[in-house]
Amino acid sequence: MMSNLTRDLIQLKALVLKEYREAFRDKRALMVALMMAILAPIGIMMISKIMIEKLVDEPPVYVKFSGAEYAPQLIKHFADNNLLAFVDVPADEKSTWQQRSITLNIPANYAADMAAGKPIQLHLQADFTDKAVQPPVRRINNALRAFSLSIGYKRLLLRGVDIRLLNPLELVEQDTAKPDATFMLISMMLGLYLMLAAFMSGLSVAIDSSAGERERNVLEMLLCQPVSTLKIVLAKLISASTISVIGVLLILLLTSVSVGFVDLTKIGATFSLDLSTAAILLLLLLPICFFASACQLFVAFQTKSFKEAQSTVGMLIGIPAFIPFVISMMDDRPQWLNWLPIAGQSMIIEKIFKGVELDWLAVFTTSSVTIVITVALILALAKKLKSEKVVMALS
Amino acid sequence: MKVNWNKIITLAVLMLSTTVWASDASLLVEELPLEKLTLEDCHLGEIRSQVKCGKLVVPENYQQSEGTKIAINFAVLPAIDDSEYKTPLMFLAGGPGQAAVELATGLNRVFREVRKTRDIILVDQRGTGESSPLSCEFEAVDNVYSALPDALTPAEVTDCVKQFTGDVTQYNSENAIRDFDAIRAALGHKKLNIYGGSYGTRAGLVFMRMFPESLASVVLDSVGPIEVPIGLFGQSGARSFNLLLENCKNSAPCHKAFPNVAQEFQIVKARLAKEPVDMDILHPRLGTPTKLLIDDTKFTGNLRFQLYGMEGRSMVPLVIHQAFLGNYQPLIGLMARTEGEQLVYTGLLFNIVCNEDMPRVSAADKAADADNNFDGKDSQLAWDMVCPFFPQYRPSEDFYQRVTANIPTLILSGNLDPVTPPSNGEYSAKSLPNSHHIIIDNASHTVAMSTCASDIINQFLTSKAPGNLDESCLQNIPQERFMTSVNGIQ
């Protein structure tokens, strides 16, 4: 004689196996569902690389100097800053720089005026509305200012002035962020993609096992079996959220690999996803995976057709992208945001990446609230499935 | 009793030529922390991010481990990417008497490539910085313009020495190295890489002899080998100055502007020796009237100080020529650059040089060193004045042994160096079996501070193969250039 519990478990197991078979049957659909999880780490790597290059790299700029012969030291200073003469432009870049046509005119009286201590005007000509011209122009400006200042300092020094007088005030910035705080761009992107993965990966499975099964009349058959609707819903939830968890795991794993290809030390930053951090992130996101699948199932069952389910549930994806974004923009965050699903988690993730010590109470509260809402959604859905309206999409 | 060491500080020291402002020395005897090692987050100098500051309590006298304790101050600039452990780099400062932690801002910049993957450890050598500094109270208003490098009386020196707390004879190089190795052990590192600059190379060589098993690799930049006593800088200064004159002669603009600069130098020197310049000027910083006094020793002393770095050197011909014309403003401007700054902890400087190096110098050595056309015996004045009245100790016999440790060692020298010429580096290159000596033609003292040698060091720390490094970037160091007009360059 089997106990009730054992029988329940065997039934649930059979149902879950059925859902898994459905979910994993179409390998290509599954791959597409997990595509985001696979592409996100590559995206993080690419964006970081581009950002770092913009921040630190100073690609050569080719300037049409006129009168370069009057100011050899200035031209040398420009060259030290990778601001080169147009005559040296490599053939493949020639047309680009020809078009940008940045011109610097050095007057013929440069040397005489320099020796006489007179101010010298150099004329810089370019199309200043052209976006591609702006960074080179800024660099020419900075290089010229530095050169000019260094001469000015020496002129005063050689007149017996204490050149420290020229800097009466100096602001020394002291960053109080933890020394091991990571590159914020990566952690922000990773936090966002993790949320997205939790929501998106299980999406197609959730829709297919609800609205899809209803259209294929599989749902009716299932409900005719002598099992409770709660078990049916649970099986569907487990199957969809398993895919979500796989998505989250994939992102964590691939990101820790892909970030290794970015030289963050160039900008004085680092990023390492150690095992304990990954474990905590996973712990935080597990309830979110279930919460997401529950929401998707709930909404999908409310719709009348597979098509409607697709578009309605598709809108749900906006939430995980939208909430962390809004939160990151907010400077003063109300206390209750800490408890909200998604909002609470994304704030904790932000803190983890900042290297701040983990507030386990916050983890516990936000996880609890998320789980409670998930359970409520499941129970409501199980009850609804007892009604024909929902099953036949009649409402 | 206030002693003005600056009267004589135009002397030559083996110092790093980083342009970093030294902070005021705290003369308070601090309370020792209860724990042996403390390490906490802190901000240092102008470094934006947080670094670690620590103290380690060590015995003042290592022979009496239960006796008086002192705290050694140090800092760790943590590796930016610490995902993989790499042997850290410890920096040994120059002087003797520079405080490493005070140089953090400049070192953070110079060793930025190294710091990407390695911790950088800076230790205030005992007697400097916040490690029980040996320093006398300075005169409150200390006027470098009106002061002449006149004689210190024995009473002034002994009064200063009396201000030192603790047993000064324990503030020697060997105990400093024991401190450094204790900090290595306390931080949990099995091995260290060390970079010694200037006197730091002497410290590094002592380290190699005392604790070879603690060292993974060594960089000696501008070497003060055991074989050459620190303190005789007459010949090396003259060599550096004559190279400058030669480079000016070979540079068309410089030769055109100052065709007779060598003679002009001798004329100005003779003129000042006969009668010091005494004139009223505006204080370069305060803007109020003050007196300027310059004699020949002060003149050459200030020029000598410019020989340490390429920027200072670039102004020397101009300064000499203007002085020849009777215009001392350029010289005043150069003096103003470091006015009021404590560059080294003078107490430790004399304690080490007077006890570890000067006893080995004979009268004949001194006479030979003074026989030069630049500043004669001026660079010896300070030692002669102070050393007889300083407390005495003698290092162990081993101290003067040639160092032959088989540790990968990169030796760097700047050819234009006024205190540690390339011939110094040759001594170490000969005695150290696994070493390579790079001489940089157009660089002066402590080459890593101002040239791409810092990148070569970074390479070396990874490869540990001193003879097999990519030195090509050194080709891009330009020839020595000179300012030819008080209004700048063309």
Side-chain angles (χ1 to χ4, degrees), chain A residues 69-77 80 106 110-118 120 147-148 150-165 170-183 256 259-260 262-274 355, chain B residues 21 41-52 76-84 105 112-113 115-117 145 253 281-287 292 311 314-315 318-319 322 327-341 476 478 481 483-490:
Chain A
E69 65 277 19
Y70 306 127
Q73 298 291 348
L74 175 64
I75 299 300
K76 164 98 188 31
H77 175 76
D80 290 343
I106 298 164
Y110 180 96
D113 283 355
M114 181 65 81
K118 289 182 185 164
I120 302 164
F147 185 73
S148 173
S150 76
I151 292 178
Y153 272 57
K154 279 186 183 145
R155 284 178 171 179
L156 289 183
L157 184 145
L158 294 169
R159 283 162 177 77
V161 173
D162 186 336
I163 52 173
R164 292 171 298 181
L165 288 174
E170 189 187 3
L171 197 64
V172 178
E173 290 185 356
Q174 300 193 323
D175 191 347
T176 56
K178 285 279 166 206
D180 48 358
T182 53
F183 185 33
S256 59
V259 171
V262 186
D263 184 10
L264 288 170
T265 54
K266 269 191 188 169
I267 49 162
T270 175
F271 184 89
S272 68
L273 200 58
D274 55 14
Chain B
W21 317 128
D41 289 342
C42 66
H43 278 108
L44 266 190
E46 293 165 29
I47 302 173
R48 196 164 179 274
S49 60
Q50 287 189 62
V51 298
K52 304 250 183 230
V76 180
L77 313 181
I80 287 166
D81 180 359
D82 59 358
S83 52
E84 186 189 343
T105 308
R112 61 184 178 279
E113 285 299 321
R115 203 195 148 193
K116 280 181 180 178
T117 53
Y145 307 105
I281 57 162
L282 290 182
H283 191 288
R285 177 167 50 82
L286 300 171
L292 175 74
E311 187 173 355
S314 73
M315 290 185 266
L318 179 66
V319 170
Q322 290 297 319
N327 171 16
Y328 287 93
Q329 295 301 330
L331 185 68
I332 294 169
L334 287 181
M335 289 162 70
R337 288 217 297 179
T338 49
E339 180 253 347
E341 283 169 27
N476 301 331
R481 272 198 302 255
M483 287 193 76
T484 51
S485 131
V486 287
N487 267 340
I489 41 186
Q490 270 79 56

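The chains referred to below are lettered A, B, ... by the order of the sequence lines, with proteins before strands, and numbering in each begins at 1. Every heavy atom of this structure was used, including side-chain atoms; hydrogens, water molecules and symmetry mates were not.
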Shortest non-hydrogen contact between P284(B) and G160(A), atoms and distance
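Distance-wise, the nearest heavy atoms are CB-O, 3.3 Å.
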Would you call L158(A) and M483(B) a side-chain contact if the rule is heavy atoms closer than 4.5 Å?
yes
Is there a side-chain contact between D175(A) and Q50(B) in this structure, where contact means two heavy atoms from C-beta onward sitting under 4.5 Å apart?
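D175(A) does not reach Q50(B) side chain to side chain.
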Could you measure the distance from the [atom1] atom of [X] to the [atom2] atom of [Y]? Nearest 0.5 Å is fine.
X	Y	atom1	atom2	answer
I163(A)	R285(B)	CD1	CZ	14.0 Å
I151(A)	N487(B)	CD1	CG	9.5 Å
D162(A)	L282(B)	CG	CG	13.0 Å
L157(A)	M335(B)	CG	CE	12.0 Å

Quick one: do the N327(B) and R159(A) side chains pair a donor with an acceptor below 3.5 Å?
no
Excluding sequence neighbours, so at least two apart, what forms salt bridge (Lys or Arg N to Asp or Glu O under 4.0 Å) with E113(B)?
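Expected list: K116(B).
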Is [X] close to chain A through its backbone or its side chain, or both, or neither, when contacts mean heavy atoms under 4.5 Å?
X	answer
R115(B)	neither
I47(B)	backbone
M315(B)	side chain

Checking the side chain of R164(A) only, and the main-chain atoms of A336(B) only, is there a donor and an acceptor separated by less than 3.5 Å?
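Checking the backbone N and O of A336(B) against the side chain of R164(A), a donor-acceptor pair under 3.5 Å is found.
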Listed by chain and number, what are the side-chain hydrogen bond (donor to acceptor under 3.5 Å, both in side chains) partners of Q174(A), not counting sequence neighbours?
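Applying side-chain hydrogen bond (donor to acceptor under 3.5 Å, both in side chains) to Q174(A) gives none.
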